[in-house]
Student: 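Quick one: structure below, then a few questions.
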Amino acid sequence: MRKTTRAFAAGMLFATTILAIVHYTNDKQYHIISEQQYEQIIAERNELAEKLEKLKKETDKTTPPEKEKVYIYTLTIAKGEASRDVANRLEQAHIIDDAQSFLTYLDTHQLTRALRSGTYIVTSDMSYEQIAQKITK
């Protein structure tokens with residue numbers, strides 16, 4: 001029991017010594033300012049914030065909204081080609097956002113096997129329904 005108590009006391013002494021060394025060797029440099037200096041800093045900060053707001057408003061007024069790019073793609077479907085391949089090519093051409101959701105649309109509307117071979121022009125602003133109507137019966 002005595003050894004355990006001595007070991008615990010030695011550990012506490014060691015930890016306290018390390019903490020004291022770190023505390024007293026750590027250079028904490030505080031800069032004390034007067035109340036007048038503090039108020040001046042706050043006023044400058046508020047002034048800069050107002051200028052930033054004005055600049056943001058001016059930028060919003062002068063910058064025209066960017067138009068979304070419309071991609072045009074000539075889709076050629078070979079006889080017997082899988083709808084999965086067609087959907088993947090449409091996704092790669094940026095016509096649709098997600099090939100899997102287009103496949104789900106085709107499957108839901110039972111159009112998976114209704115794809116017709118041929119060449120079609122499709123654009124990225126077309127809906128799934130419009131694309132499906134164009135490439136099926």
Side-chain angles (χ1 to χ4, degrees):
M1 180 74 171
R2 247 185 202 173
K3 287 183 180 180
T4 307
T5 307
R6 284 182 184 168
F8 180 74
M12 292 296 289
L13 181 63
F14 181 72
T16 305
T17 304
I18 296 296
L19 287 174
I21 290 170
V22 169
H23 178 71
Y24 289 114
T25 59
N26 192 2
D27 291 333
K28 295 179 184 176
Q29 296 180 358
Y30 293 105
H31 184 69
I32 300 174
I33 60 172
S34 68
E35 189 173 325
Q36 182 182 8
Q37 290 172 326
Y38 175 77
E39 289 173 2
Q40 183 181 0
I41 292 171
I42 295 298
E44 288 175 5
R45 184 186 65 90
N46 291 339
E47 207 174 296
L48 287 173
E50 288 174 10
K51 285 181 183 178
L52 180 63
E53 279 298 317
K54 286 179 185 177
L55 284 173
K56 282 182 181 179
K57 288 179 183 177
E58 289 175 9
T59 306
D60 289 345
K61 289 178 185 176
T62 59
T63 306
E66 291 184 25
K67 294 181 181 177
E68 187 176 323
K69 282 187 176 180
V70 176
Y71 294 94
I72 300 171
Y73 180 64
T74 303
L75 175 66
T76 303
I77 301 175
K79 187 173 184 177
E81 189 170 7
S83 57
R84 180 182 336 104
D85 298 332
V86 172
N88 287 333
R89 282 192 293 154
L90 289 173
E91 181 180 15
Q92 289 172 352
H94 304 289
I95 301 302
I96 58 175
D97 293 331
D98 183 29
Q100 187 58 45
S101 62
F102 183 67
L103 286 172
T104 304
Y105 175 83
L106 291 176
D107 196 34
T108 304
H109 293 88
Q110 296 153 356
L111 298 171
T112 307
R113 295 180 182 243
L115 297 181
R116 297 291 171 219
S117 59
T119 302
Y120 308 97
I121 296 176
V122 291
T123 61
S124 60
D125 60 351
M126 295 173 75
S127 67
Y128 287 170
E129 180 183 2
Q130 292 170 328
I131 295 171
Q133 284 178 354
K134 198 164 211 172
I135 64 176
T136 59
K137 309 183 200 181

Student: What residues form a side chain to side chain donor-acceptor pair (under 3.5 Å) with D107, not counting sequence neighbours?
Tutor: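 For D107 there are no side chain to side chain donor-acceptor pair (under 3.5 Å) partners, ignoring immediate neighbours.
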
Student: So, do K134 and Q130 sit near enough that their side-chain heavy atoms are less than 4.5 Å apart?
Tutor: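 A side-chain contact under 4.5 Å is absent here.
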
Student: Decide if atom CG of N46 counts as having more than 12 heavy atoms of other residues, nucleotides or ligands within a radius under 6.0 Å.
Tutor: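 Count over threshold, so yes.
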
Student: Would you say CD1 of I121 has more than 12 non-hydrogen atoms from neighbouring residues, nucleotides or ligands within 6.0 angstrom?
Tutor: no

Student: Rounded to the nearest 0.5 Å, how far apart are OH of Y128 and CG of L111?
Tutor: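 These two atoms lie 14.0 Å from each other.
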
Student: Checking S34 now: which residues fulfil side-chain contact (heavy atoms from CB on, under 4.5 Å) with it, not counting sequence neighbours?
Tutor: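 Result, side-chain contact (heavy atoms from CB on, under 4.5 Å) vs S34: Q36, Q37.
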
Student: Once ring-ring contact (aromatic ring centres under 6.0 Å, His included) is applied, what residue pairs with a partner in residues 78-97 remain, sequence neighbours excluded?
Tutor: Y71-H94

Student: Could you pull out the closest heavy-atom pair between N88 and A99, with the gap in Å?
Tutor: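 Taking N88 first and A99 second, the nearest heavy atoms are OD1-CB, 3.5 Å.
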
Student: Measure the CG-OG distance between L90 and S124 for me, rounded to the nearest 0.5 Å.
Tutor: 11.0 Å

Student: Taking all heavy atoms of A87 and all of I96, pick out the closest pair and write down the distance.
Tutor: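 Looks like O-CD1, 3.6 Å.
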
Student: If you round to the nearest 0.5 Å, how far is OG1 of T4 from CE of M1?
Tutor: 7.0 Å

Student: Roughly how far, to the nearest 0.5 Å, is CE of M126 from OH of Y73?
Tutor: 14.0 Å

Student: Holding to salt bridge (Lys or Arg N to Asp or Glu O under 4.0 Å), I want the full list of residues that pass it with E129, two or more places apart in sequence or in another chain.
Tutor: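 Result, salt bridge (Lys or Arg N to Asp or Glu O under 4.0 Å) vs E129: none returned.
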
Student: Going by side chain to side chain donor-acceptor pair (under 3.5 Å), name the residues that satisfy it together with T104, two or more places apart in sequence or in a different chain.
Tutor: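 If we apply the side chain to side chain donor-acceptor pair (under 3.5 Å) test to T104, skipping adjacent residues, there are no hits.
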
Student: Please enumerate all residues that pass side-chain contact (heavy atoms from CB on, under 4.5 Å) together with A82, with sequence neighbours excluded.
Tutor: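 If we apply the side-chain contact (heavy atoms from CB on, under 4.5 Å) test to A82, skipping adjacent residues, the hits are D85.
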
Student: Do any side-chain atoms of residues 74-81 form donor-acceptor pairs under 3.5 angstrom with protein atoms, and if so which ones, sequence neighbours left out?
Tutor:
{"unit_1": "E81", "atom_1": "OE1", "unit_2": "A78", "atom_2": "N", "d": "2.9"}
{"unit_1": "E81", "atom_1": "OE1", "unit_2": "R89", "atom_2": "NH2", "d": "3.1"}
{"unit_1": "E81", "atom_1": "OE2", "unit_2": "R89", "atom_2": "NH2", "d": "2.8"}

Student: Would you mind listing every side-chain hydrogen bond (donor to acceptor under 3.5 Å, both in side chains) that reaches into residues 114-123, with sequence neighbours excluded?
Tutor: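 Counting only pairs at least two positions apart or across chains, the side-chain hydrogen bond (donor to acceptor under 3.5 Å, both in side chains) contacts touching residues 114-123 are T123-D125.
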
Student: Any non-hydrogen side-chain atom of F102 less than 4.5 Å from a side-chain atom of L106?
Tutor: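 Counting from C-beta outward, F102 and L106 do come under 4.5 Å.
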
Student: Less than 4.5 Å apart, any side-chain heavy atom of L103 and any of R84?
Tutor: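 Side-chain contact under 4.5 Å: yes.
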
Student: If you link ILVMFWY side chains whenever their heavy atoms are less than 4.5 Å apart, which other residues fall into the same cluster as I41? By chain and number, please.
Tutor: I33, Y38, I42

Student: Please list, chain by chain and in numerical order, all residues satisfying side chain to side chain donor-acceptor pair (under 3.5 Å) with Y105, sequence neighbours excluded.
Tutor: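 Applying side chain to side chain donor-acceptor pair (under 3.5 Å) to Y105 gives none.
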
